[in-house]
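Written out below as structure tokens is the structure these notes cover.
These numbers come from a predicted model, not from an experiment.
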Amino acid sequence: MILTEPVQCKTCKAVSVNGGTVHCHSCFKSAYRDGFIYALEQYGIWKDGERTIGCMGRNIKDVIAEFDKENT
């Protein structure tokens with residue numbers, strides 16, 4: 001592994017020497033989760049006062065909880 005010059009994360013300002021990325025792993029993971037939830041919100045439909053996802057009509061909160069549990 002070749003160390004590079006320290007690079008500061010543009011979001012949280014953490015310093016990294018892992019190849020010059022502009023965002024650290026934590027910020028990237030958080031942004032990925034936020035994007036996933038946004039996509040679910042756009043895709044879901046309202047049914048009986050709750051937002052449901054997919055043909056099985058799963059509650060959006062359950063889908064988000066499963067995503068967090070998998071720690072994807």
Side-chain angles (χ1 to χ4, degrees):
M1 180 173 152
I2 300 171
L3 295 180
T4 61
E5 291 294 321
V7 176
Q8 191 173 42
C9 174
K10 292 187 184 256
T11 303
C12 71
K13 307 300 182 205
V15 176
S16 172
V17 290
N18 66 352
T21 58
V22 293
H23 295 290
C24 65
H25 184 69
S26 295
C27 292
F28 180 77
K29 188 173 181 179
S30 174
Y32 185 81
R33 181 185 185 276
D34 292 345
F36 178 77
I37 292 172
Y38 177 78
L40 286 177
E41 290 171 345
Q42 299 305 306
Y43 175 73
I45 59 170
W46 287 98
K47 181 178 179 185
D48 299 327
E50 293 184 357
R51 187 167 285 170
T52 59
I53 304 296
C55 62
M56 299 300 289
R58 294 183 61 198
N59 185 309
I60 192 171
K61 293 176 187 174
D62 296 337
V63 175
I64 293 170
E66 184 176 332
F67 179 80
D68 289 337
K69 181 181 174 187
E70 291 177 4
N71 200 18
T72 304

For residues 36-50, dump all side-chain donor-acceptor pairs below 3.5 Å to protein atoms at least two apart in sequence or in another chain.
| residue | atom | partner | partner atom | Å |
| --- | --- | --- | --- | --- |
| E50 | OE1 | N59 | ND2 | 2.7 |

*So which pairs with a foot in residues 52-64 pass salt bridge (charged side-chain N to carboxylate O under 4.0 Å, His left out), sequence neighbours left out?*
R58-E66
*Who pairs with R33 by salt bridge (charged side-chain N to carboxylate O under 4.0 Å, His left out), at least two apart in sequence or on another chain?*
D68
